[in-house]
Amino acid sequence: MRAIVLDDSVRIDSDRSAPTPAGDEVLVRVTRAGVCETDLQLIKGYMGFRGVLGHEFVGVAESGPYAGQRVVGEINCACWDCETCRRGLPTHCPNRTVLGILNHDGAFADLIAVPQRNLHVVPDAIPDDIAVFTEPVAAALQIPAQLAIALTDRIVVLGDGRLGNLCAQVLASIADDVLVVGKHREKLALLEAMGLRTALLSDDLSPSAADIVVDFTGSASGLPTALKLVRPRGTVVLKTTVAGAQTLAWAPFVIDEVTLVGSRCGPFDRALHALEHGLVDVEPLIADRFDLSKGLAALERAQQKGVLKVLLDVGQST
Ligand SMILES: [Zn+2]
Ligand SMILES: [Zn+2]
């Protein structure tokens with residue numbers, strides 16, 4: 001099969017053996033995959049990952065109870081046996097592998113092996129180009145899964161990139177007052193076209209006014225900015241990782257009694273519901289598409305300024 005493989009460098013392997021499914025896994029024939037910031041970080045050495053890249057995908061199950069149906073797959077492969085799993089936290093399983101990120105081959109390939117229990121059937125109303133956004137939309141929906149958000153909450157989203165955009169849409173479907181703060185006029189213009197309020201980071205922003213600030217900047221300056229904008233007893237949500245160590249004056253957390261919430265993967269069932277009912281609009285994010293065999297060009301394109309989502313056409317679902 002064809003695959004985009006990361007080892008000493010990133011390359012296309014057009015003659016890679018199909019993955020051998022482990023006991024609880026089924027093979028999924030990938031139809032569409034999405035390039036994510038994490039893929040670009042992995043190529044730069046993040047997590048030390050080696051293998052087939054890719055964790056945002058939709059495809060057709062080749063075996064198991066969903067054989068022949070379109071499916072998406074949750075990315076954390078838990079052991080379901082340890083204390084953390086038994087406590088109901090499989091996404092935090094210390095024995096987990098993660099599709100295309102940690103010790104498990106990913107979806108930039110004709111076939112991927114996925115644990116059956118990770119799979120969700122895609123409703124007919126959601127085309128592949130939309131279904132491929134299930135994983136990042138689920139990550140966005142993890143915020144309302146972790147926090148009680150009120151209609152009247154004032155929310156600031158820091159970051160106008162791929163995930164910031166999806167989260168802003170999700171939060172705007174819950175609260176009336178959502179402001180996206182970014183650096184890129186063209187990305188902010190896209191959000192404005194979706195009816196969201198935006199501001200530039202260089203604008204005069206009201207300090208200590210937001211009930212919730214979500215940081216998607218992936219930069220060391222994100223958390224200090226969030227702390228400036230959040231009100232006393234407000235909440236800061238960290239949604240992106242920053243490589244390396246950061247220094248920060250932590251005193252404001254104590255003085256202003258600010259709650260800090262880390263947030264990662266989210267609920268696929270809610271994401272499919274949101275996509276099926278148009279609660280989030282993902283199509284405007286698609287900047288470009290490439291055949292899997294042109295995958296290296298796709299990865300390059302995804303790194304260019306102003307580009308939100310690049311898709312890989314892998315196969316046909318019918
Ligand atoms: Zn991702
Ligand atoms: Zn476990």
Any chance you could measure T240, atom OG1, to E37, atom CD, to the nearest 0.5 Å?
9.0 Å
Quick one: pull up CG in L171 and CG in D176 and give me the separation to the nearest 0.5 Å.
12.5 Å
Partner set under salt bridge (Lys or Arg N to Asp or Glu O under 4.0 Å) for D7, not counting sequence neighbours
R11
Just wondering, do Q116 and L119 contact through their side chains at under 4.5 Å, heavy atoms?
yes
Answer yes if V230 and I174 sit in the same cluster of Ile, Leu, Val, Met, Phe, Trp and Tyr residues linked by side chain heavy atoms under 4.5 Å apart, and no otherwise.
no
With heavy-atom distances below 4.5 Å as the criterion, would you say the side chains of I149 and I143 are in contact?
yes
Is there side-chain contact between V26 and Y66, with heavy atoms separated by less than 4.5 Å?
no
Side-chain contact, heavy-atom cut-off 4.5 Å: E25 with P115?
yes
Nearest heavy-atom approach of A168 to V180 is CB-CG2, 3.5 Å
Keeping to residues at least two apart or across chains, list the salt bridge (Lys or Arg N to Asp or Glu O under 4.0 Å) pairs with something in residues 66-83.
R70-D128, E83-R87
If two hydrophobic side chains count as joined below 4.5 Å and joins carry through other members, does I101 share a cluster with L312?
yes
Return the minimal non-hydrogen interatomic distance between G295 and I12, and the atom names on each side.
N-CD1, 3.6 Å
Could you measure the distance from the CD atom of Q304 to the CG atom of D288? Nearest 0.5 Å is fine.
8.5 Å
So, for C82 and N95, which heavy atoms are closest and what is the spacing to 0.1 Å?
CB-ND2, 3.9 Å
Do L158 and V236 sit in the same hydrophobic cluster, where Ile, Leu, Val, Met, Phe, Trp and Tyr count as joined when their side-chain heavy atoms come under 4.5 Å apart?
yes
Mind running side chain to side chain contact (heavy atoms under 4.5 Å, CB included) on T259 and L147 for me, showing each step along the way?
CA-CA 11 Å; T259 302; L147 291 184; over 6 Å; no
Is there a path from V214 to L279 through hydrophobic residues (I, L, V, M, F, W, Y) whose side chains come within less than 4.5 Å of each other?
no
Can you pull the ring pair (Phe, Tyr, Trp, His ring centres under 6.0 Å) pairs that have at least one residue in residues 265-316, sequence neighbours excluded?
H120-F268, H273-H277
Full working for side chain to side chain contact (heavy atoms under 4.5 Å, CB included) between M1 and V30
CA-CA 11 Å; M1 65 168 193; V30 179; over 6 Å; no
Does D256 use its side chain to pair, donor to acceptor, with the backbone of V258 at less than 3.5 Å?
no
Can you name the closest pair of heavy atoms from L6 and L42 and give their distance?
CD2-O, 3.4 Å
Are V122 and V314 linked, directly or through intermediate hydrophobic residues, by side-chain heavy-atom contacts shorter than 4.5 Å (ILVMFWY only)?
no
Between D211 and R231, does any NZ, NE, NH1 or NH2 come within less than 4.0 Å of an OD or OE carboxylate oxygen?
yes
Show the nearest heavy-atom pair for residues A107 and A33, with the distance to one decimal.
O-CB, 4.1 Å
Please evaluate residues L285 and Q169 with respect to the criterion side chain to side chain contact (heavy atoms under 4.5 Å, CB included), reporting the C-alpha separation (whole Å), side-chain torsions for both, the decisive distance (0.1 Å), and the verdict.
CA-CA 12 Å; L285 273 69; Q169 291 193 54; 4.2 Å; yes
Are V114 and L99 close enough, and set up right, to give a side chain to side chain contact (heavy atoms under 4.5 Å, CB included), and what steps lead you there?
CA-CA 8 Å; V114 186; L99 304 180; 4.3 Å; yes
Given 3.5 Å as the limit, does a donor-acceptor pair link the side chain of E283 with the main chain of D129, or not?
no
For residues P136 and L163, report the shortest heavy-atom separation together with the two atoms involved.
O-CD1, 3.5 Å
Does any part of the side chain of L248, heavy atoms only, come nearer than 4.5 Å to the side chain of F253, both counted from C-beta?
yes
Can you give me every donor-acceptor pair (side chain of residues 50-61, partner residue at least two apart or in another chain, under 3.5 Å) with its distance?
from	atom 1	to	atom 2	distance (Å)
R50	NH1	D8	OD1	3.1
R50	NH2	D8	OD1	3.1
E56	OE1	K309	NZ	2.8

Under 3.5 Å, which donor-acceptor pairs link side chains of residues 195-205 to any protein atom two or more places apart or in another chain?
from	atom 1	to	atom 2	distance (Å)
R197	NH2	D177	OD1	2.5
T198	OG1	E192	OE2	2.3
D203	OD2	L200	N	2.9

Are any side-chain N or O atoms of R16 and backbone N or O atoms of A109, one a donor and one an acceptor, separated by less than 3.5 Å?
no
Compare all side-chain heavy atoms of R32 with those of D313 and state whether any distance is below 4.5 angstrom.
yes
Under 4.0 Å between a Lys/Arg side-chain N and an Asp/Glu carboxylate O for R2 and D13?
no
According to side chain to side chain contact (heavy atoms under 4.5 Å, CB included), who are the partners of E186, at least two apart in sequence or on a separate chain?
H184
Any side-chain heavy atom of V170 sitting closer than 4.5 Å to one from R270?
no
Whether the side chain of K239 engages the backbone of A139 through a donor-acceptor N/O pair (distance < 3.5 Å, no angle test) should be reported.
yes
Is any side-chain heavy atom of I286 less than 4.5 Å from a side-chain heavy atom of F133?
yes
